[in-house]
Amino acid sequence: ALPQVMGAKRHDEFVALTSHLPHLLAAALVELYGDYAKKNKGVARAVGSGFRDSTRIAGGNPSMWADILGMNGESIAHFLARYRRRLADLERRLKKKSGVDWGRYFMKAKKIRKSL
């Protein structure tokens, strides 16, 4: 780890986006899966490494994460709203069915991910 000096507000913004929001989203995805699995018993056979990788952090300490969300709700809510707008855009693109350059979309994400 490389220590960084920054103000508390900036720190809260950074970790809301890079730590807290991903944890919340992973938990929501696992909860969605759990609800679906109650009525669709065979879905567990479809779980692969992508789902396990995407949801690994949902296995964190529940009381610790409850505290984190309680203390940083405002910053997390800000990025959750921005994420929700991105999801709405993806939904619109999926419904469009044509004219969407998914290759470009995933290439952009791949480049950003590779730079981490």
Side-chain angles (χ1 to χ4, degrees):
L2 297 172
Q4 296 183 37
V5 177
M6 66 182 76
K9 183 172 174 40
R10 190 69 152 169
H11 169 269
D12 290 350
E13 289 175 5
F14 284 6
V15 296
L17 176 61
T18 63
S19 175
H20 306 154
L21 180 63
H23 195 92
L24 188 62
L25 296 174
L29 183 55
V30 168
E31 183 182 38
L32 176 65
Y33 167 84
D35 290 346
Y36 186 82
K38 286 177 188 174
K39 297 177 183 167
N40 299 277
K41 300 297 181 195
V43 72
R45 292 189 303 268
V47 171
S49 60
F51 187 84
R52 283 190 296 273
D53 290 348
S54 298
T55 60
R56 176 190 58 79
I57 58 176
N61 182 305
S63 60
M64 179 187 81
W65 280 100
D67 290 345
I68 288 171
L69 295 178
M71 292 185 294
N72 298 286
E74 188 176 328
S75 294
I76 299 164
H78 167 78
F79 286 109
L80 184 59
R82 292 179 69 173
Y83 194 81
R84 189 174 49 252
R85 288 191 295 273
R86 291 201 181 229
L87 290 176
D89 181 56
L90 289 174
E91 187 175 6
R92 281 190 294 277
R93 290 181 191 191
L94 287 166
K95 288 178 179 178
K96 189 175 178 183
K97 295 186 181 181
S98 65
V100 178
D101 189 346
W102 290 112
R104 179 182 289 175
Y105 176 80
F106 286 110
M107 184 57 70
K108 179 181 176 185
K110 181 177 179 173
K111 286 176 75 174
I112 294 168
R113 173 62 175 91
K114 194 173 183 178
S115 73
L116 298 178

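In this chain, numbering begins with 1 at the start of the sequence shown.
Residue pairs satisfying the ring-ring contact (aromatic ring centres under 6.0 Å, His included) criterion with at least one member in residues 89-116, sequence neighbours excluded, are listed as follows: Trp102-Tyr105. Among pairs with a residue in residues 74-96, those fulfilling side-chain hydrogen bond (donor to acceptor under 3.5 Å, both in side chains) read Asp89-Arg93, Glu91-Lys95, at least two apart in sequence or across chains. Contacts classified as ring-ring contact (aromatic ring centres under 6.0 Å, His included) and involving residues 39-71 (residues at least two apart or in different chains) are given here: His20-Trp65, His23-Trp65, Tyr33-Phe51.
Linking Ile, Leu, Val, Met, Phe, Trp and Tyr residues whenever their side-chain heavy atoms come within less than 4.5 Å leaves Ile76 and Val15 in two separate clusters. Leu24 is not connected to Met71 by any chain of hydrophobic side-chain contacts under 4.5 Å among Ile, Leu, Val, Met, Phe, Trp and Tyr, and they are in different clusters.
Residues Thr55 and Leu29 share a closest heavy-atom pair of CG2-CD2, 3.7 Å. Minimum interatomic distance between Leu17 and Pro22 (heavy atoms only, all atoms of both residues): O-CD, 3.2 Å. Among all heavy-atom pairs drawn from Ala58 and Val30, the shortest one is CB-CG2, 3.8 Å. Counting all heavy atoms, side chain and backbone alike, Ala26 lies closest to Ser54 at CB-O, 3.6 Å.
Other members of a hydrophobic cluster containing Leu2 are absent, since no ILVMFWY side chain comes under 4.5 Å of it, directly or through relayed contacts. Under a 4.5 Å side-chain heavy-atom criterion applied to ILVMFWY residues, the cluster that includes Ile112 comprises that residue alone.
In this structure, the separation between CE on Met107 and CG on Asp101 is 10.0 Å, given to the nearest 0.5 Å. From Leu21, atom CG reaches atom CG of Asn72 across 12.0 Å, with rounding to the nearest 0.5 Å. Considering CG of Leu32 and CG of Leu25, their distance stands at 12.0 Å, rounded to 0.5 Å. Taking CG of Asp67 as the start and CG of Asn61 as the end, the distance is 8.5 Å to the nearest 0.5 Å.
In this structure, Asn40 contributes its side chain and Val43 its backbone to no donor-acceptor pair below 3.5 Å.
For Lys9, the salt bridge (charged side-chain N to carboxylate O under 4.0 Å, His left out) test picks out Glu13, with sequence neighbours left out.
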